[in-house]
*Asks:* 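Below is one structure. I have some questions about it.
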Amino acid sequence: MLIGQFRQNTTATRCASRRWGLRATAALLLLVPLVATYAGEGARAQDEAEPLRIAVLFPFTGDLSDFGQPFLQAAELAVNQINEAGGVNGQPIELVQGDSATSPQQAVEEARRLIELEGVSAIVGPAGSGETLPVAESVTGPAGVLEITMSATSPALTIANDNDFLFRTVISDAAQGVVMADVAREQGFESACVLYVNNAYGQGLNEAFADRFTAEGGTITAQVPHEQEQASYASEIASCTEGDPDVLIAAAYPESGRVFLRELVESGDAPSVIFSDGLQSPDMFAELGWEVFEGSYGTAAGAPETDAAATFEQAWEEAYGEVPAVPYLREINDAIYLIALAAEQADSTDSAAIRDALREVANEPGTAVGPGQEGWQEAVAAIDAGEDVNYEGGAGSVDLDENGDVSKGTIIVWQVQGEAIETTDSREIDLAAEDTAGTPVAGTPVS
Amino acid sequence: MAQAVEKSVVEREVALARQRTTRWSQTLGPWVPWLLIGGFAAWSAVARTDQFVVGVIVGSLYGLAAVGLTLIYGIARVSHFAHGDVMMFAAYLAFFALTGAVVGSQTGDVVFPFHLGQLPGATEPIWRFSFGYGLVLAILIGATLAVPVLLAIDRFVYQPLLRRGSSTAILAVASLGVAISMRGVMLLIWGPTGRRYVGGIRTTVDIPGLPRIVADQFFIMLAAGVLATAAYVVLYRTRLGTAMRAMADNADLARASGIDIAATRRWTWVVGGGLTAAAGCLLALQSQLSPELGFILLLPIFASAILGGIGSPHGAFLGGLIVGVVGEVAVGLGVISPGYKMAVIFVMLIAVILLRPRGLLGAQS
Amino acid sequence: MTRRGNLLAIVIVALITAFLVGLPLLRTGSISSVVSFLVPSLATMAIFAIVCIGLNVQWGYTGIFNFGVVGFFMVGAYTAAIVTKSPADGQFATYIGGLGDALAAVPLPGAGAWLPFLVAIIAAAALSAALALPLAWPIVRLREDYLAIALIGAAEVLRRIATEERWLVNGSRGLGGIPRPLAGWVNADAYNYVFLLIVVVLLLLVYVLVDRGIRSPWGRVLRAIREDEDATAAAGKDVVAFKLQGFVLGAAIMGAAGALFAFQQGAVSPETFTHFFGTFIFWAMLIAGGSGNMVGTIVGVYVIWGLWSTTLQLQGFDLPAFVEGRIPHLRDTLVGVIIVVVLLVNPRGLVPERARVSRWLDRRVAAMRRSEAAGD
Amino acid sequence: MTTVAIREQPTPTAALQRDAILEVGAVTKAFGGNRAVDDCSFAVGRGTITGLIGPNGAGKSTLLNIIAGALRPDTGVILFDGQAVTGLRPDELLCRGLARTFQIPRPIPTMTVLENLVLAGPDQTGERIWNAWCRPAQVGRQEDAIVDQALEILAYVNLIHLRDAFAANLSGGQKKLLEFARTLMIRPRMVLLDEPAAGVNRTLMRQLAEHIEEQCHDHGVTFLIVEHDMDLIARLCDPVIVMSQGTRLFEGSFDEVRQDPAVLEAYLGGQVK
């Protein structure tokens with residue numbers, strides 16, 4: 001450094017002075033933010049009178065972008081209901097959008113923006129486990145901001161390094177895998193192969209299914225992972241069906257499902273297929289042809305047959321028309337309600353305070369309250385009266401355990417009937433009580 | 001004394017050098033790769049018919065695109081890292097011509113009022129294909145529209161760089177920039193969701209002794225075959241082809257012998273780009289349209305071109321077939337996970353680069 | 001020329017700074033939130049700057065055409081994760097390594113807070129270099145476009161391995177719960193500042209090391225190889241050996257940056273390390289800033305990542321729905337266009353390479369000029 | 001041992017009798033089907049300035065590239081100072097004292113004249129990166145010594161006034177001179193010059209010729225010069241080797257060469273063709 005300075009001062013003085021001037025300007029410009037810090041005022045005021053700001057961090061672009069818009073509708077539905085019923089702490093909730101772009105890196109940047117610049121008290125999202133984990137570990141956990149994901153189902157989130165700021169309103173993949181295995185056995189299938197998307201979601205489903213299926217006496221012939229972007233899945237399908245399984249378990253997204261399901265059928269002697277929730281896509285079936293998969297079963301995290309679920313459906317129909325067969329809408333709705341209730345209970349918009357109140361309002365004991373305008377009004381009245389409340393949501397009872405997970409949930413069984421996806425069964429699962437797991441509770445077909 | 005010893009070294013070398021011409025390895029050596037490839041092809045055609053057929057179909061498309069790549073490299077002197085994206089871009093243009101769809105919002109497409117799908121009977125399936133004459137027209141239009149785009153890119157990006165005497169590497173970086181921009185444009189206009197020309201399950205054709213083949217795949221193979229033959233005819237039976245090959249051999253010499261360098265360059269982009277675009281459309285027919293697919297295609301296409309020998313069009317086509325078949329069959333054996341398909345292709349690429357850098361049919365430089 | 005170039009660079013840097021600071025300020029009106037937003041962003045930039053310095057050693061100085069940056073970056077990140085984490089409990093995660101506890105138990109003052117991380121960074125650089133060497137050994141003497149496609153392939157294979165091999169790095173689930181250096185020593189509020197400090201110190205260290213290397217006879221040989229391999233060979237230099245050294249040093253630097261990235265993110269998974277994010281962005285930064293110039297590299301990182309960040313800011317404002325839903329795509333397109341435009345308009349980048357770099361030679365020439373001037 | 005298919009060939013023994021610094025034995029190099037160098041053998045005597053001439057396409061430059069290690073021969077052997085150096089890299093040859101220049105001079109264009117010379121300094125400690133990091137003082141001392149040597153050589157070849165000019169901005173002749181100066185940096189025992197006179201003006205050429213003679217006579221440097229300029233050959237070279245169609249046609253003094261009918265035939269034949 002000294003040498004460089006020396007040279008410039010001595011050899012090309014005229015030129016050097018100008019260059020130093022430029023450098024100084026550059027340095028000054030870079031210093032602006034730092035200087036401004038000290039000139040600026042103190043920390044952001046956590047005013048009691050401030051409205052509650054909740055952010056959604058949804059995949060509006062990227063691989064899962066199909067889900068972004070319905071997800072946002074679900075969040076808006078809850079926010080509108082609460083606001084029409086008087087808001088939280090007497091103020092309407094403000095909803096802020098962020099785009100995770102289905103990319104961990106962008107999700108992290110966005111979470112940081114939502115927290116620091118938008119000043120939100122809680123984030124709902126992001127969608128995938130691959131994004132949720134870095135967001136929780138590097139942004140919301142250290143910053144102490146509540147994060148509730150509605151769809152990240154990887155078991156790894158249970159043990160995330162999140163300072164207890166990460167929660168989820170969706171049950172782990174294990175539940176769905178268990179029900180898929182039950183359905184397969186009930187249909188009388190002896191052997192099965194699993195074709196799963198090679199990510200946290202597919203892997204979790206694959207494991208849960210395989211464990212349960214073999215425990216129930218079935219045989220797994222193959223477990224084949226696949227990538228999302230492929231020109232052809234011929235070799236994956238071939239490896240999967242090589243052992244002549246009775247049924248193929250497809251745990252994937254529509255993006256790849258479109259391609260491999262078509263190739264599967266075209267290959268001729270295709271086995272029956274059971275679909276995961278990722279493939280619960282009417283668009284995909286319409287494109288492939290409904291008649292091809294007539295009578296095939298699938299599973300999804302779904303609504304229990306409770307009043308709360310009915311309330312949600314009714315509200316959705318009033319607002320937007322028919323409830324689309326998109327997963328996790330109820331979970332989003334529940335997440336917003338939980339945050340609002342906890343904020344009401346804590347009488348604060350401070351993230352930590354909301355977090356502390358979250359389990360109180362979600363778990364027993366307490367007066368059961370549900371979603372919807374009326375539900376909100378009842379809940380606020382109960383809280384004002386100093387009573388405990390226990391939120392029972394559209395997706396289930398949403399009881400949060402010490403890890404921030406829900407262990408009780410409802411898995412629906414759906415079937416392709418005609419040109420529609422119809423729910424035929426709905427089963428409650430309690431992963432905490434292993435021996436009772438998967439016992440059909442509401443065995444009667446719906447619809 | 002030492003001098004004498006050294007002298008005998010020289011003389012022994014000289015004797016050996018003259019002997020060496022008659023070694024068996026020199027006569028048999030060139031046939032070894034062909035025996036290996038032929039043996040593998042025969043074995044996989046019998047033992048792994050399913051994967052072999054898929055490999056041939058996908059491979060013929062890799063091959064077509066690799067012919068385009070090898071022409072563009074050999075004549076226009078661009079290491080074209082935007083090649084996969086050009087394929088996808090052309091496929092999307094055909095998609096637009098057929099359906100008129102561009103993404104207007106997050107919920108649905110805005111449909112352009114005039115499109116081929118509106119023509120009477122354009123979507124009525126021909127024979128057992130899943131598509132009608134509309135798609136054939138759309139592919140032609142897609143390929144035709146892609147060519148001027150390529151010519152413009154060459155005119156405004158690659159040529160100025162070449163004129164400035166930029167290195168291969170700079171051109172490759174520029175083509176990477178082009179690839180990223182093209183991918184971005186596709187994402188902007190058509191969104192990230194995968195598309196396809198025609199939905200539904202396609203009709204299959206049963207031929208005794210063969211696996212079920214989707215009728216569309218006959219079309220793909222036929223079209224690939226016709227295009228490859230056409231390319232061969234253009235390159236080896238026309239004045240233009242002679243000029244192109246002369247330019248690939250030695251641009252200065254070609255200029256000296258009165259060949260219009262600029263025009264030949266343009267025609268190279270037309271022929272090479274057209275083949276690439278057609279390969280993209282056919283690939284989209286085989287699987288789907290997706291902006292992300294472009295970059296993924298790059299490795300197999302380059303592997304095909306290098307395997308066949310850069311600068312050798314028929315080598316590139318053959319290379320494509322080999323890459324396609326080996327990739328599919330290798331993961332079809334069940335020994336390695338299908339996720340390693342690209343790894344198999346990568347290993348082939350490295351092996352060729354190391355063992356036979358001029359490729360199977362490439363001229364020794 | 002240089003003056004105009006410098007002016008342009010300053011104007012662009014100023015513009016980016018104005019956007020980076022101004023947009024959030026406009027949004028929040030609170031300077032402290034802007035600062036707490038920008039501090040982690042600066043840390044990210046510093047990490048990316050380290051990657052770009054690595055790429056600059058490879059491309060800017062040695063002329064090796066690495067389109068597989070993401071491979072080395074990822075290897076570094078994963079290495080850091082498995083070195084610092086506790087051993088796998090097998091419940092949700094299987095991976096090899098997990099030396100964090102063992103290293104924390106080493107009887108050194110406060111070992112738990114720094115030793116695993118120091119080891120992790122060194123291991124990340126070493127493993128990255130160890131992978132780069134056998135990979136580059138056969139192909140470094142090849143044509144540059146073969147090298148590029150081979151490295152794209154290699155990076156893709158590394159990504160596949162990370163996705164497929166669960167026993168190694170937990171497969172597609174990735175690794176979470178990566179500890180952070182010095183986390184125990186400071187409270188959570190101040191941590192972002194501490195981390196920024198750590199990253200900047202490492203950036204400076206890498207900068208000084210590379211700068212010293214490049215401004216030595218070693219760097220002179222690298223630059224000569226970049227210009228003309230045959231002529232450099234005729235000047236008595238073992239071209240392949242020097243290219244390998246440049247490549248391996250660059251890869252090691254990328255690996256170290258990957259380790260820092262893992263600490264920052266706290267979780268790594270294969271889906272983070274896309275070619276776009278892990279390779280193309282760095283190329284855009286290097287080309288925009290000026291390859292062959294360390295300051296230029298850092299300016300490039302600042303400009304491109306600032307642009308990136310700024311586009312995210314725009315989401316806080318009301319925009320037409322058509323634009324709003326496409327901001328990331330617009331930004332991706334812009335990255336590509338920037339590469340092309342810079343190559344066409346100003347191939348030397350915002351801050352062009354300095355003509356002569358050897359520090360000893362510089363000093364001698366300066367002295368000679370001085371004495372000549374005195375003699376006149 | 002059965003010998004197969006030995007073609008009739010002038011035996012190299014005559015050349016090998018003398019004290020040779022460089023021996024080329026039965027070197028063959030083919031590009032595609034075209035044999036650029038075809039079973040060529042000769043020797044270069046120590047301390048001579050040997051000319052290598054021949055019509056265009058005779059394989060002179062290819063042979064020079066093979067000797068200098070830039071190309072690998074298909075068959076054949078090259079001995080430098082009695083040791084086999086076939087297939088060694090250029091830098092390994094340089095270590096042994098064999099330097100070369102290029103037909104079209106190739107200094108590093110983005111470096112100054114001085115830097116180009118300093119680059120060529122042999123055995124630089126600072127070329128190991130850990131030395132650059134850890135022992136800057138030692139590197140600096142050596143760098144100073146190399147700069148002194150480079151300045152000395154620059155003064156010797158009369159390029160000192162261009163010390164800080166970029167090599168890209170030099171004239172063709174100056175570049176040739178710079179390349180010649182570069183070979184001197186390693187204190188060579190033998191220098192291969194590829195058309196040193198091509199495109200060089202008379203003054204510079206005379207200067208160059210003087211330097212070559214001086215180096216040869218005063219420092220015992222052997223030169224092998226590929227050249228088309230017969231004046232230069234006539235002035236400097238003895239002996240002169242004539243190549244035609246990839247092989248050695250004739251060897252002798254310049255006067256002998258000029259009168260040999262086979263040589264004339266080769267030249268005229270080459271020109272007619």
Side-chain angles (χ1 to χ4, degrees), chain C residues 57 61-63 141 205-206 208-242 244-246 248-250 252 292 348 352-369 372, chain D residues 65 68-70 89-95 98-102 105-112 114-136 139-144 146-148 150-151 163-164 166-168 179 182-183 185-186 188 192:
Chain C
V57 171
Y61 292 120
T62 323
R141 56 200 95 196
L205 183 72
V206 170
V208 167
L209 280 182
V210 171
D211 190 57
R212 282 196 155 219
I214 289 304
R215 284 156 55 89
S216 74
W218 182 78
R220 186 163 57 212
V221 177
L222 291 195
R223 287 197 310 136
I225 287 172
R226 182 189 64 186
E227 299 299 330
D228 189 335
E229 286 187 21
D230 292 339
T232 315
K237 312 300 167 193
D238 184 349
V239 170
V240 169
F242 278 100
L244 277 177
Q245 289 171 29
V248 168
L249 178 67
R348 285 143 56 83
E353 182 178 359
R354 283 177 51 192
R356 190 175 45 230
V357 289
S358 165
R359 36 194 191 134
W360 293 281
L361 199 59
D362 272 356
R363 192 180 46 186
R364 276 296 296 272
V365 170
M368 284 188 280
R369 285 215 179 117
E372 282 159 20
Chain D
N65 277 326
R89 293 190 309 266
D91 56 287
E92 290 168 327
L93 292 170
L94 235 78
C95 283
L98 178 64
R100 62 93 50 102
T101 68
F102 292 97
R106 291 163 80 168
I108 308 297
T110 55
M111 290 184 176
T112 61
L114 179 62
E115 221 177 352
N116 259 292
L117 285 195
V118 173
L119 171 73
D123 298 325
Q124 298 191 32
T125 320
E127 284 176 5
R128 276 172 207 88
I129 189 168
W130 46 87
N131 288 338
W133 285 340
C134 310
R135 297 147 96 179
V139 174
R141 273 198 303 279
Q142 202 195 17
E143 183 92 343
D144 278 347
I146 292 172
V147 170
D148 288 339
L151 289 171
R163 185 190 70 203
D164 294 329
F166 283 102
E179 285 227 316
R182 192 203 66 213
T183 63
M185 279 299 290
I186 64 151
L192 310 169

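Naming convention: chains lettered A, B, ... in sequence-line order (proteins, then strands); numbering from 1 in each chain.
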*Asks:* Once rounded to the nearest 0.5 Å, what's the spacing between atom CG of C:Asp362 and atom CD of D:Glu115?
*Replies:*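 If I round to the nearest 0.5 Å, the distance is 8.0 Å.
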*Asks:* Side chain, backbone, both or neither: which part of C:Arg212 has a heavy atom under 4.5 Å from chain D?
*Replies:* both
*Asks:* Sort out for me which of D:Gln142, D:Glu127, D:Arg182, D:Arg128 touches chain C most, counting heavy-atom pairs under 4.5 Å.
*Replies:* D:Glu127
*Asks:* Is D:Ile186 in contact with chain C via its backbone, its side chain, both, or neither, using a 4.5 Å heavy-atom distance?
*Replies:* neither
*Asks:* Any idea which heavy atoms bring D:Leu119 and C:Ala224 closest together, and the distance?
*Replies:*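 Distance-wise, the nearest heavy atoms are CD2-CB, 3.6 Å.
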*Asks:* Who wins among C:Asp230, C:Val208, C:Val221 for the most heavy-atom pairs under 4.5 Å with chain D?
*Replies:* C:Asp230
*Asks:* Please identify, among D:Arg100, D:Glu92, D:Gln124, D:Met185, the residue contributing the most non-hydrogen atom pairs under 4.5 Å to chain C.
*Replies:* D:Gln124
*Asks:* List the steps, then state whether side-chain contact (heavy atoms from CB on, under 4.5 Å) holds for D:Val147 with C:Leu361.
*Replies:* CA-CA 8 Å; D:Val147 170; C:Leu361 199 59; 3.5 Å; yes
*Asks:* Among C:Arg363, C:Arg215, C:Arg364, C:Arg220, which residue meets the salt bridge (Lys or Arg N to Asp or Glu O under 4.0 Å) test with D:Glu143?
*Replies:*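 That would be C:Arg220.
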*Asks:* Looking at D:Leu114, D:Leu94, D:Asn131, D:Leu151, which one has more heavy-atom pairs under 4.5 Å with chain C than the rest?
*Replies:* D:Leu94
*Asks:* Looking at D:Trp133, D:Phe102, D:Trp130, which has the largest count of heavy-atom pairs under 4.5 Å with chain C?
*Replies:* D:Trp133
*Asks:* Are C:Arg369 and C:Glu372 close enough for a salt bridge, meaning some N to O gap below 4.0 Å?
*Replies:* no
*Asks:* What's the spacing between D:Thr183 OG1 and D:Leu192 CG if we round to 0.5 Å?
*Replies:*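 With rounding to 0.5 Å, OG1 (D:Thr183) is 9.5 Å from CG (D:Leu192).
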*Asks:* By a 4.5 Å heavy-atom criterion (distance strictly below it), what part of D:Pro136 contacts chain C: side chain, backbone, both, or neither?
*Replies:* both
*Asks:* Give the member of D:Asp123, D:Ile146, D:Asn116, D:Asp144 that has the highest number of heavy-atom pairs under 4.5 Å with chain C.
*Replies:*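 Ranked by heavy-atom pairs under 4.5 Å with chain C, first place is D:Asp144.
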*Asks:* What part of C:Leu249 is in contact with chain D, defined as an atom under 4.5 angstrom from a non-hydrogen atom: side chain, backbone, both or neither?
*Replies:*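 For C:Leu249, side-chain heavy atoms alone lie under 4.5 Å from chain D.
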*Asks:* Which one, C:Arg226, C:Met368, C:Gln245, leads in non-hydrogen pairs under 4.5 Å with chain D?
*Replies:* C:Met368
*Asks:* How far apart are the closest heavy atoms of C:Phe242 and C:Leu222, and which atoms are they?
*Replies:*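 So the two residues come closest at O-CD2, 3.5 Å.
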*Asks:* Restricting to non-hydrogen atoms, name the atom on C:Ala233 and the atom on D:Pro90 that form the minimum distance, rounded to 0.1 Å.
*Replies:* O-CB, 3.6 Å
